[in-house]
Structures are given as structure tokens and as C-alpha cells.
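It should be emphasised that the depicted structure is a prediction, and the values quoted were computed from it without experimental measurement.
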Amino acid sequence: MKDARERPLLWVGSSKKDLLDLPVSVRRFFGHALDFAQRGEQHGAAKVLKGFGGAGVLEVVEDDAGGTYRAVYTVRFREAVFVLHVFQKKSKRGIATPLADMEVIRQRLKVAAVVAQELRDEEAGG
């Protein structure tokens, strides 16, 4: 039975499809970390993603033989945990998130804000 305090997981853009394209071990790891977020906890591997002004945007990084993978999500909205972007980090230079991926995350965060507002309105009977 689901805990009443557990928030639903909502996928923005292609994030769920992108997750399903990852190796099984990476999917399991990300799923475990997202489960923590749904329960209002932070998995040990989750770190605040810089560049969002402490907006509750976190990322989980996992390596496997095929490379380095990242899942980015936000806990900013009480209505749900929104998975914003799941991708393989291709760049071999540094640990910074590539600008194109940061832009995807920014755009999807805006979408999440709209959906969260719609959920609030629905809850309020509007």
C-alpha cells in the first residue's frame, strides 16, 4: 500500500523513454534513487544540480561499462517528483553538465511548473 505522503513520479518530455533505453542496472539504480525522492528523502548519490539557484533540482549519476548516465529531477513542487531529463553524458572533458542538456532541463523545469500549477488548481476544485 502506498504511503499517503508519497508523491507521484511524473515524467517530463522523453525522460521515461530515455530511462527505458538505459542498461538495466542503471535503470534500477535511478529507480531506487527516485523512490527515495518520492518518499521525501534524498538518496546518498543525489546531488543538487548547480545552475538552478537551489531550486530543488537534483541529479543522480551512475557509471557502467557503457559510460556515465545521469537522471535529473526536481522536488521543488509538493504535487509530484518530476523527472526532467535522463541522458548519457558523452563529453569526456570535465564533469560539468553539457549546455544543451542544461537547456533541456531548464525547459522541462518550466513545463513541470505549469503541470504542478494545474495539479494545484485541480486539487482546489478549479
Side-chain angles (χ1 to χ4, degrees):
M1 188 158 127
K2 259 184 151 24
D3 185 321
R5 293 166 304 197
E6 190 171 299
R7 291 192 273 177
L9 199 58
L10 296 179
W11 303 86
V12 182
S14 62
S15 58
K16 187 166 190 176
K17 178 197 154 312
D18 297 337
L19 177 80
L20 294 174
D21 289 342
L22 300 184
V24 172
S25 62
V26 176
R27 285 199 318 248
R28 278 198 195 109
F29 184 78
F30 287 166
H32 187 63
L34 291 168
D35 183 57
F36 269 70
Q38 285 183 272
R39 290 183 277 126
E41 300 169 19
Q42 186 173 323
H43 188 278
K47 306 277 183 268
V48 172
L49 184 61
K50 289 178 177 59
F52 291 91
V57 177
L58 298 107
E59 78 170 337
V60 180
V61 180
E62 177 68 340
D63 294 311
D64 92 329
T68 298
Y69 303 89
R70 294 181 176 196
V72 178
Y73 63 94
T74 185
V75 294
R76 177 194 273 180
F77 311 105
R78 65 178 170 79
E79 291 74 22
V81 173
F82 290 88
V83 182
L84 303 173
H85 194 29
V86 177
F87 61 104
Q88 180 173 7
K89 184 174 180 296
K90 301 258 191 325
S91 169
K92 298 294 177 228
R93 294 190 312 278
I95 59 169
T97 303
L99 289 177
D101 290 303
M102 290 296 280
E103 188 54 35
V104 167
I105 294 163
R106 274 190 197 89
Q107 292 305 317
R108 291 181 179 177
L109 185 59
K110 290 176 186 171
V111 170
V114 169
V115 172
Q117 184 61 54
E118 288 171 355
L119 290 169
R120 273 193 295 279
D121 293 348
E122 219 172 79
E123 215 174 75

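Nearest heavy atoms, Trp11 versus Leu19: CH2-CD2, 3.5 Å. Here the closest non-hydrogen pair linking Phe52 and Arg106 is CE2-CG, 3.6 Å. Val86 and Asp18 make their closest contact through O-CB, 3.4 Å (heavy atoms, listed as atom of the first residue, atom of the second, distance). Between Tyr73 and Val83, the shortest heavy-atom contact is CB-CA, 4.0 Å. Val26 and Glu62 make their closest contact through CG2-CG, 4.1 Å (heavy atoms, listed as atom of the first residue, atom of the second, distance). Minimum interatomic distance between Phe77 and Ala113 (heavy atoms only, all atoms of both residues): CZ-CA, 3.5 Å.
A cation-pi arrangement is found for Arg39 relative to Phe36, the charged atom lying closer than 6.0 Å to the ring centre and inside a 45° cone about the ring normal.
Judged purely by distance below 3.5 Å, without hydrogens or angles, the side chains of Ser15 and Arg108 never pair a donor atom with an acceptor atom.
Hydrophobic clustering of Ile, Leu, Val, Met, Phe, Trp and Tyr side chains at less than 4.5 Å, counting indirect connections, keeps Val48 apart from Val61. The hydrophobic cluster containing Leu84 also contains Met102, counting ILVMFWY residues as joined when their side-chain heavy atoms lie under 4.5 angstrom apart, directly or transitively. Phe30 and Leu9 fall within the same hydrophobic cluster, where Ile, Leu, Val, Met, Phe, Trp and Tyr residues are linked whenever their side-chain heavy atoms come under 4.5 Å apart, directly or through other members. Hydrophobic clustering keeps Val104 apart from Val72 (ILVMFWY residues linked when any side-chain heavy atoms are closer than 4.5 Å, directly or through intermediates).
Between Lys17 atom NZ and Leu22 atom CG the span is 10.0 Å, to the nearest 0.5 Å. Going from atom CD of Gln107 over to atom CG of Leu109 covers 9.5 Å, rounded to the nearest 0.5 Å. Taking CG of Asp35 as the reference point, atom CD of Glu6 lies at 6.0 Å (rounded to 0.5 Å). Put simply, CG on Leu34 and CZ on Arg27 are 13.5 Å apart, with the number rounded to the nearest 0.5 Å. If you take CD1 on Ile105 and CG on Asp101, they are separated by 6.0 Å, rounding to the nearest 0.5 Å. Considering CG of Leu49 and CG of Leu58, their distance stands at 8.0 Å, rounded to 0.5 Å.
Residue Leu20 places its CG atom among more than 12 non-hydrogen atoms of other residues, nucleotides or ligands, all under 6.0 Å distant.
A donor-acceptor contact shorter than 3.5 Å is absent between the side chain of Thr68 and the backbone of Asp63. The backbone N or O of Gly13 sits nowhere less than 3.5 Å from a side-chain atom of Lys16 that would complete a donor-acceptor pair. The main-chain N or O of Glu79 is never found under 3.5 Å from a side-chain atom of Glu123 such that the two would form a donor-acceptor pair.
Of the charged side-chain nitrogens involved, none lies within less than 4.0 Å of a carboxylate oxygen, so that Glu59 and Lys89 do not count as a salt-bridged pair.
The aromatic rings of His85 and Phe87 lie parallel to each other, their planes meeting at an angle below 30°, with 60° marking the opposite boundary.
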